[in-house]
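Just below is one structure, and these are the notes that go with it.
Note that ligands are numbered from 1 as they come in the structure, with each ligand's atoms numbered from 1 the same way.
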Amino acid sequence: MKALTVQPGQAGSARLEDVPEPPESDGPVVVETLAIGVCGTDAEIVGGRYGWPPPGRERLVIGHESLGRVVQAPDGGPVKTGDLAVGIVRRPDPVPCPSCAAGEWDFCRNGQYTERGIKQHDGYCSERYRIHPDFLVPVPTELGPLGVLLEPTSVVAKAWEEVERIGNRAHWEPRCAVVTGAGPIGLLAALIGVQKGLEVHVLDRVTSGPKPQLVADLGAHYHTGSIADMGVSADAVIECTGVGQLVFDAMEHTAPGGVVCLTGVSSGGRQLAVDAGLLNRSMVLENEAVVGSVNANRRHYQAGADALARADRSWLERLVSRRVPLEQWAQALERSDDDVKVVIELGSP
Ligand code: BGC
């Protein structure tokens with residue numbers, strides 16, 4: 001079968017190639033892949049800056065944002081032939097650590113987890129894959145092709161859960177949220193913020209293209225410039241860029257008791273001058289919290305599916321700015337300013 005593979009660590013090594021059928025050790029359910037979303041993590045992997053191949057191999061099948069149709073499943077199980085479904089990305093570590101043992105692999109404590117399409121386990125950008133039903137999430141039929149947005153939505157559903165749990169450590173009535181970055185993660189974070197009844201402000205660099213209108217159509221406010229220029233006092237900040245300056249700006253411009261959630265996986269190598277003492281003092285005196293958040297466990301996929309089901313379908317459709325057939329995968333990896341979410345298509349629901 002055809003699969004999009006890459007040699008992690010080596011830039012420009014992506015290619016479409018024939019690979020063996022998926023191994024039975026991956027699970028009893030066979031899924032035909034319909035679509036794969038491309039994200040910043042894929043760009044990092046394809047650029048040779050992130051990603052790990054399976055043990056004993058040089059190449060990794062990429063693709064962790066997926067939508068597929070079940071074509072073979074054990075009788076009486078939680079999924080059946082014909083179901084639309086999304087594969088969970090992370091697998092618990094084999095020890096397992098206490099978090100993985102409790103189904104919270106997103107909080108793996110020993111780093112020995114694997115991630116499909118990212119870390120030591122083939123991803124979903126192949127014509128078929130196998131999976132255990134515990135790691136397959138059914139997609140509401142009415143979402144159809146938009147189910148490909150479930151994985152990134154699960155990541156922001158987790159970020160919001162973190163923010164709320166930390167915010168609620170004391171009496172908390174959040175009113176205003178800032179989201180930095182109007183890419184798919186930022187827009188989905190803004191969607192959930194609006195669904196929670198918050199006044200949401202989104203900051204990005206671009207002044208043209210679809211992003212400003214997508215934000216406005218959510219009922220949120222679009223800004224360019226710096227966080228200081230926005231003139232808002234955020235009870236919650238979801239930082240979705242990983243840009244060091246924005247991370248520190250977010251920490252400086254949070255309302256007393258506010259929570260900053262960092263979701264961007266940045267590369268190192270840039271240094272910033274920071275008045276650490278002043279920042280420390282304001283964070284202490286105002287009870288502020290900063291938390292990093294990665295990945296998602298099963299309850300976050302469920303929360304993500306609920307958020308997508310409540311969202312305006314036509315707005316979600318506009319998030320998918322380009323659909324590219326598998327044979328033209330290289331075009332999907334090129335980014336243009338007007339792109340929001342680019343999807344590689346292998347079939348149709
Ligand atoms: C994925 C997560 C993953 C993270 C780090 C993100 O792009 O959505 O599932 O945990 O990268 O590898």
Side-chain angles (χ1 to χ4, degrees), residues 4 6 8-9 14 35-54 60-67 85-93 97 99-100 103-125 129 131 134-137 147-162 181 183-189 192 238-243 261-268 291-305 307-308 319 332-333 335 339-344:
L4 185 56
V6 68
I36 295 292
V38 178
C39 79
T41 303
D42 298 306
E44 289 288 298
I45 297 171
V46 169
R49 296 178 295 273
Y50 193 61
W52 298 261
L60 168 80
V61 175
I62 62 168
H64 60 278
E65 297 182 4
S66 70
L67 174 68
V86 164
I88 287 176
V89 175
R90 200 174 273 197
R91 295 292 173 277
D93 75 77
C97 75
S99 297
C100 284
E104 293 193 339
W105 47 75
D106 56 314
F107 259 83
C108 180
R109 308 279 163 156
N110 63 19
Q112 292 180 46
Y113 63 84
T114 55
E115 287 183 341
R116 292 201 68 159
I118 300 175
K119 184 172 183 275
Q120 298 170 319
H121 198 154
D122 279 335
Y124 300 124
C125 197
Y129 66 85
I131 192 163
D134 287 353
F135 297 103
L136 201 55
V137 184
V148 74
L149 296 173
L150 180 51
E151 196 277 342
T153 312
S154 74
V155 167
V156 290
K158 172 181 169 178
W160 273 113
E161 183 191 274
E162 298 276 299
I185 289 286
L187 289 167
L188 291 166
I192 295 182
I238 312 280
E239 206 298 304
C240 303
T241 69
V243 173
C261 184
L262 308 178
T263 68
V265 183
S266 41
S267 34
V291 60
S293 179
V294 70
N295 196 251
N297 66 45
R298 204 173 172 102
R299 75 172 178 274
H300 305 124
Y301 279 81
Q302 192 50 57
L308 290 177
L319 281 194
L333 298 176
R335 296 225 193 166
D339 279 333
V340 184
K341 173 59 69 190
V342 178
V343 166
I344 300 177

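Not a single donor-acceptor pair under 3.5 Å links the side chain of Arg109 to the backbone N or O of Cys97. At least one donor-acceptor pair under 3.5 Å links the side chain of Lys119 to the backbone N or O of Tyr113.
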**Message:** Show, in sequence, the C-alpha distance, side-chain angles and deciding distance for Asp134 and Ile88, and conclude whether the side chain to side chain contact (heavy atoms under 4.5 Å, CB included) test is met.
**Reply:** CA-CA 9 Å; Asp134 287 353; Ile88 287 176; over 6 Å; no
**Request:** Evaluate side chain to side chain contact (heavy atoms under 4.5 Å, CB included) for Arg90 paired with Val294, printing each intermediate quantity in order.
**Result:** CA-CA 11 Å; Arg90 200 174 273 197; Val294 70; 3.9 Å; yes
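A salt bridge links Glu104 with Arg299: the distance from a Lys NZ or Arg NE/NH1/NH2 to an Asp or Glu carboxylate oxygen falls below 4.0 Å.
Judged as a side chain to side chain donor-acceptor pair (under 3.5 Å), the pairs with a partner in residues 43-53 (not counting sequence neighbours) are, in order, Glu44-Arg49.
Within 4.0 Å of ligand 1, contacts by protein heavy atoms are made from Cys39, Thr41, Tyr50, His64, Val89, Arg90, Glu115, Ile118, Glu151, Val155, Val294, Asn295.
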